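Structure, as structure tokens:
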Protein chains: 2
Amino acid sequence: MTHLPPAVDELDRTILALLIADARASFVDIGRRVGLSAPAVKRRVDRLRANGVITGFTATVRAEALGWGMEAFVEVYCDSAAPPSRMSEVARNHPEIVAAMTVTGDADALLHIRARTIGHFERVLERIRAEPFVRRTDSRVVLTQLLPGGDSGSGAPLRPLLDRPAENAVEPG
Amino acid sequence: MTHLPPAVDELDRTILALLIADARASFVDIGRRVGLSAPAVKRRVDRLRANGVITGFTATVRAEALGWGMEAFVEVYCDSAAPPSRMSEVARNHPEIVAAMTVTGDADALLHIRARTIGHFERVLERIRAEPFVRRTDSRVVLTQLLPGGDSGSGAPLRPLLDRPAENAVEPG
DNA sequence: CTTGAAATATAACTAAA
DNA sequence: TTTAGTTATATTTCAAG
């Protein structure tokens with residue numbers, strides 16, 4: 001049994017790009033740009049949501065404007081006995097962890113962390129290091145975002161990828 | 001002249017949390033939950049946008065559903081003569097780079113990269129390594145997302161931070 | 001795709017703190 | 001002066017044809 005192919009066509013990609021650029025755009029407005037009626041657009045958006053292509057709509061917020069001026073990536077090294085589910089629990093235990101993943105390489109996990117200040121970040125690190133199984137951490141503090149939109153996942157950086165249908169083809173071999 | 005304090009109050013934070021959870025929520029609906037009329041909500045949202053607290057509204061898309069099944073973080077080491085603006089240019093030159101930043105530590109930059117397949121990723125790496133000033137790279141391929149929402153920046157992981165006004169206070173010293 | 005009724009966005013105006 | 005409520009109108013949503 002293969003995973004169901006979502007079957008996203010050119011029109012869907014354009015609609016996705018428009019919704020990524022502005023999630024509050026009206027179906028009428030989107031329809032005008034893609035040459036479709038509003039109900040037709042709505043049907044496609046509903047289908048993209050049902051298919052799990054669109055997972056939701058969100059406001060993008062400048063973390064600094066809310067007092068979260070620090071950002072860092074932290075590699076976590078665990079005891080070899082650490083069950084993989086434990087890191088997931090650790091990630092949920094600390095609200096400052098905005099993303100967590102297992103990765104290749106020496107480290108067992110990579111954490112994306114936001115904090116108010118260096119001092120706050122230091123306390124978060126201490127909290128994480130105090131977790132069972134966590135042996136040591138290796139941090140990289142973000143200095144400057146080099147791309148507009150800054151944070152990945154804001155959707156905007158994904159848009160260029162949508163504009164290249166040829167690149168989306170399944171690669172041979 | 002100090003930077004203007006955005007002055008985000010409790011009500012704003014609730015509205016932000018609701019918009020992060022669903023960017024297409026109607027002002028009437030938001031108003032019901034915070035005890036405000038629709039125009040009052042709109043005025044606040046307009047102000048949050050004008051203040052740069054809200055930078056936009058975006059659809060969150062599952063990259064895998066579009067054929068982007070690979071994700072990696074790549075540390076880039078440059079020649080000491082590399083101007084900082086060059087990395088920014090490199091980042092813009094490769095659409096697979098969804099985020100790029102300068103960081104503390106040995107590496108000069110950290111890239112967040114999305115690719116269709118391992119083979120595609122390898123070719124992207126070769127392209128980046130061929131850039132002037134880039135001396136070497138060190139990659140960490142993402143294996144499993146440990147938090148729901150996966151990607152950071154989707155807004156959802158930021159929501160818990162909004163729920164903690166006490167944590168948002170400016171820290172002494 | 002088109003239609004039409006219900007819901008929504010939004011501007012102008014008014015009222016209150 | 002700043003913020004919210006009310007009203008009025010254009011627009012949008014959405015189910016049905």
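Within every chain, numbering begins at 1; the chains are lettered A, B, ... in the order of the sequence lines, protein sequences first and strands thereafter. Model, not experiment: these values are computed from the prediction.
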- The bend of the helix from C/dC1-D/dG17 to C/dA17-D/dT1, taken between the axes of its five terminal pairs at each end and rounded to 10°, is 30°
Name the pairs: protein N/O against N/O of nucleotides 2-9 of chain C, kept only if under 3.5 Å.
residue: C/dA9; atom: OP1; partner: A/R24; partner atom: NH2; Å: 3.4
residue: C/dA9; atom: OP2; partner: B/F27; partner atom: N; Å: 3.1

- Query: Got a sec, which residues hit salt bridge (Lys or Arg N to Asp or Glu O under 4.0 Å) with B/E75, two or more places apart in sequence or on another chain?
  - Reply: A/R140, B/R140
- Query: Hey, where on DNA chain D does chain A first and last touch, going 5' to 3'? Cut-off is any atom under 4.0 Å from a heavy atom.
  - Reply: D/dT12 to D/dA15
Taking only residues two or more places apart in sequence, or in another chain, which ones meet [X] in a side chain to side chain donor-acceptor pair (under 3.5 Å)?
| X | result |
| --- | --- |
| A/R129 | A/T137 |
| A/E131 | A/R86, A/H94 |
| B/S88 | B/R92 |
| A/T55 | B/T60 |

- Message: Test: salt bridge (Lys or Arg N to Asp or Glu O under 4.0 Å). Region: residues 34-43 of chain B. Which pairs qualify, not counting sequence neighbours?
- Response: B/K42-B/D46
- Residues pairing under salt bridge (Lys or Arg N to Asp or Glu O under 4.0 Å) where one sits in residues 14-25 of chain A, two or more places apart or in two chains, turn out to be none
- Query: Taking the side chain from A/R116 and the backbone from A/W68, do they hold a donor-acceptor pair closer than 3.5 Å?
  - Reply: no
Between side-chain atoms of residues 26-38 of chain A and protein atoms elsewhere (two or more places apart, or another chain), which donor-acceptor pairs fall under 3.5 Å?
residue: A/S26; atom: OG; partner: A/D29; partner atom: N; Å: 3.0
residue: A/D29; atom: OD1; partner: A/R32; partner atom: NH2; Å: 3.4
residue: A/D29; atom: OD2; partner: A/R33; partner atom: NH2; Å: 3.4
residue: A/S37; atom: OG; partner: A/A40; partner atom: N; Å: 3.4

- Who are the side-chain contact (heavy atoms from CB on, under 4.5 Å) partners of A/D9, not counting sequence neighbours? A/L11, A/D12, A/R44
